[in-house]
Engineer: 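My questions will all concern the structure given below.
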Amino acid sequence: MPEFDKILIAWYQQNKRNLPWRSNNDPYFVWVSEIILQQTRVDTGTDYFLRFIKTFPDAISLANAEENDVLKLWQGLGYYSRARNMHAAALQIINEYKGGFPSSYVDIRKLKGVGDYTAAAIASISFGLPYPVIDGNVFRVLSRIFGVETAIDTLKGKREFTELASLLIDKENPGQFNEALMEFGALQCTPKNPECPTCPFNDRCIALSKNEISNLPVKLKQTKVRKRYFNYLLVNDGNSFYIEKRVEKDIWHNLYQFPLIETSDTVNLEELISNERFVNLFDPKEIVIGSMGPEIVHLLTHQRLHVKFIDIKSLKVVPQINWIKVSLTGINNFPVPKIINDFLLEMHSNNNEE
Ligand code: SF4
């Protein structure tokens, strides 16, 4: 399709959204925006992007920050390893590249947390290098227009789509081409109900002509969702609470939470009290067990969390070595998962109403 890039760019110039990271091609800005947008919707990501670059306007300020402050700014975005990796990558930029952003694909790809997709985005947008970006939008658009039925979650599929995008890319302006292709997938050729009647490719789109739109792109594996049961203990004396840091290699690494007992299934209050971990934590004579809140379901991409909060009044708890005593407002200084932050916001608003 010889004029593919021209049609795409013409569409982009008419339809592209005015997004803050498009105001310049600074690799630091492109990097921050691409990492934020990996798992986040554009409207949510925009606020985070603006706050992030205001607090850390360059790699030096990010490298000099405490990891806790970076995680705090990231709070609510999820996939916290992205923030930890960015912090580590900023240190790499300072130590290995004297503070200047690396400018070759190979060097960009060596930064912590930067994969093929992000490296191609930065290399093409900031340095004009002809590396195609391959993300969910690109898979969808190319599979439909060209009728590619190879599964996108296979090595063969990734290779095939990368080769196709490399053939199509505008060598003069690869950054704009990549941005246009992703934007086209986000706005025109959407997963459900794509805008085919107004699409500039509707006279040649194979999926449209064969009525195969809903079958493309092809994916082999179904994402398995793991169910987990989190029981958070609000161990308090009325004013102060205990929190702990999540240090295991698991979701929310290095974030803070109320002391947690994870169970293999949902439990009621009686079952929780007889749980071995609970028995080891508390002397029943020294605590007053309050209510167990209703179960809240919190969805992550591969996990379904069933979360309960249990009020435990204790004047004389022997804290675990890793527990930190904080006031209710003091918790706000620590990065916490969204589910805890939502709970705290509700608690604050209930307190204000009383
Ligand atoms: S015609 Fe429809 S399915 Fe084909 S590229 Fe355009 S929007 Fe996507």
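For ligands, and for the atoms within them, numbers begin at 1 and follow the listed sequence.
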Engineer: Between D69 and K72, does the salt bridge (charged side-chain N to carboxylate O under 4.0 Å, His left out) criterion hold? Intermediate values first, please.
Structural biologist: CA-CA 5 Å; D69 293 334; K72 185 72 196 164; over 6 Å; no
Engineer: Fit a plane to each ring of F177 and F4, take the angle between them on a 0 to 90° scale, and name the class: parallel (under 30°), tilted (30 to 60°) or perpendicular (over 60°).
Structural biologist: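 Plane angle between 30° and 60°, so tilted.
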Engineer: How far is atom 6 (Fe) of ligand 1 from its nearest protein heavy atom, and which residue and atom name does that atom have?
Structural biologist: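 Closest protein heavy atom to atom 6 (Fe) of ligand 1: C199 SG, 2.3 Å.
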Engineer: Which of the numbered atoms in ligand 1 are below 4.0 angstrom from a heavy atom of I213?
Structural biologist: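 So the atoms of ligand 1 that pass are 3 (S).
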Engineer: What protein heavy atom sits nearest atom 5 (S) of ligand 1, and how far off is it?
Structural biologist: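 Nearest protein contact, heavy atoms only, for atom 5 (S) of ligand 1 is I145 CG1, 3.5 Å.
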Engineer: In this structure, would Y229 and I251 fall into the same cluster of hydrophobic residues linked by side-chain contacts under 4.5 Å?
Structural biologist: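 Different hydrophobic clusters.
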Engineer: Pairing donors with acceptors under 3.5 angstrom, does anything connect the side chains of N254 and E67?
Structural biologist: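 Yes.
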Engineer: Is the contact between C205 and ligand 1 made by the side chain, the backbone, both, or neither, using heavy atoms and a 4.0 Å cut-off?
Structural biologist: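 C205 to ligand 1: side-chain contact only, backbone stays beyond 4.0 Å.
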Engineer: Could you tell me the residue and atom name of the protein heavy atom closest to atom 8 (Fe) of ligand 1, and the distance to it rounded to 0.1 Å?
Structural biologist: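 Its nearest protein heavy-atom neighbour is C189 SG, 2.5 Å.
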Engineer: Go through the side-chain N and O atoms of Y79 and T301 and say whether any donor and acceptor fall under 3.5 Å apart.
Structural biologist: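 Note: Y79 and T301 side chains meet the donor-acceptor criterion.
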Engineer: To check your reading of the model: name the closest protein heavy atom to atom 2 (Fe) of ligand 1, its residue, and the distance in Å.
Structural biologist: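 Atom 2 (Fe) of ligand 1 sits closest to the protein heavy atom C196 SG, 2.3 Å.
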